[in-house]
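Contents: one structure, followed by commentary.
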Number of protein chains: 2
Amino acid sequence: MDRKTRLRQSGLSCTRWRYNILKILKDSHLPLTSKDIYKMLPTPKPNLATVYRNLNRLVEKKLVRCVTLGERARYYELIQPDTHKHRIICKTCGQIEAFEPVGCDLKSFEKLIKEKFNFKVEEHSLEFFGTCPKCQSFHSQR
Amino acid sequence: MDRKTRLRQSGLSCTRWRYNILKILKDSHLPLTSKDIYKMLPTPKPNLATVYRNLNRLVEKKLVRCVTLGERARYYELIQPDTHKHRIICKTCGQIEAFEPVGCDLKSFEKLIKEKFNFKVEEHSLEFFGTCPKCQSFHSQR
DNA sequence: AAGTGTTTGCAAAACATTTGCAAATACATA
DNA sequence: TATGTATTTGCAAATGTTTTGCAAACACTT
């Protein structure tokens, strides 16, 4: 489905910036901050407030998900069916890798939570923090 | 080991506020924000900047861990051996529950990451977002 | 008790994000 | 295609969290 139709289906008008922000998120395999997105938008740039307003609108309509990755700023990513990802984040350089859950067995956790706390789980996030190959070798050099 | 000795061992002097902040974190079973801690500190209150500076110092010395839980502000928690916890967060009221990993099988993930990306995992965080019992019943009432 | 380095309070700066308001735009309808 | 209405935008200012510079106060060694 094209982006314009997708926006319409969610009850959002298809404005220049909304369209472009959605496109950028679609083309990115990693979550992006508002600043990242701002930089990637074509010149003439919109106002940063416009980027924020659009991101909030997209999150509200569940086209986009907002995540925090141990950082001060929020990251945004397109919600796509069946592509929930886990992340690996380098504590040294901040690089983010995504990886598909292989036989992700978090379902058993969710069941446990339901039974024990009567808590209805809607989503989860799993992040691994550590050192990426590049930073490991940089470290060992000195 | 008492807090004073613990601070000393980490190369930190034992100041009034440092001591109190560590005590508050020790007594809390949930992660706290800088504001939470500020409120819990005895009167006369320190400056908020002092709370931040101490938290950063404690994190740097690995007595305390800083986590973000899908919120704008950071949370801090005492690092204690063998008590790594996973969390359940209510998206409606913000309530946080901790639960001990039962037969936590994330080790297999870490191994996979090591093999596939050559990424050295140091820690991980696993959070479940959903609706707590209270908010579920509130919802169904109306 | 004195000396030195660390910590504190205060005020201001630095960021990320939000908001009010008037002008510009998108879209449905004529 | 022109027009009306609701939504979106730019701008500037506000908000909320965290950091920083500096002089005074404090912790700890001797």
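Order of the sequence lines fixes the chain letters, A, B, ..., with proteins taken first and strands second; residue numbering starts at 1 for each chain.
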For C:dG9, does OP1 or OP2 lie under 4.0 Å from any side-chain N or O of B:Trp17? yes
Within the structure, does a side-chain N or O atom of A:Arg57 lie under 4.0 Å from either OP1 or OP2 of D:dT8? yes
When you check the phosphate oxygens OP1 and OP2 of D:dG10, does a side-chain N or O of A:Thr50 lie under 4.0 Å from one of them? yes
Report yes if a donor N or O on one partner sits less than 3.5 Å from an acceptor N or O on the other, where the partners are the side chain of A:Arg53 and the base of C:dG20; otherwise report no. yes
Tell me whether the OP1 or OP2 atom of D:dA27 has a side-chain N or O from B:Arg18 closer than 4.0 Å. no
Parallel, tilted or perpendicular for B:His124 and B:His86, by the 30°/60° rule? tilted
On the nucleotide C:dT18, are OP1 or OP2 found under 4.0 Å from the side-chain N or O atoms that A:Arg74 carries? yes
Are B:Asn47 and C:dT7 close enough that a side-chain N or O sits under 4.0 Å from OP1 or OP2? no
Lys/Arg N to Asp/Glu carboxylate O, A:Glu77 vs A:Arg65, below 4.0 Å: yes
Does A:Asn56 place a side-chain N or O at less than 4.0 Å from the phosphate oxygens OP1/OP2 of C:dT17? no
Closer than 4.0 Å, any side-chain N/O of B:Ser34 to the OP1 or OP2 of D:dT17? no
For C:dT7 and B:Ser13 - does any side-chain N or O of the residue sit under 4.0 Å from the phosphate oxygens OP1/OP2? yes
Start at the 5' end of DNA chain D and walk down; is the nucleotide closest to A:Pro44 or to B:Thr15 reached first? A:Pro44
Could you pull out the closest heavy-atom pair between B:Ala73 and B:Thr33, with the gap in Å? CB-CG2, 4.4 Å
Can you check whether A:Tyr52 has a side-chain N or O nearer than 4.0 Å to OP1 or OP2 of C:dT17? yes
For B:Lys45, does the NZ atom sit with more than 12 other heavy atoms under 6.0 Å from it, leaving out its own atoms? yes
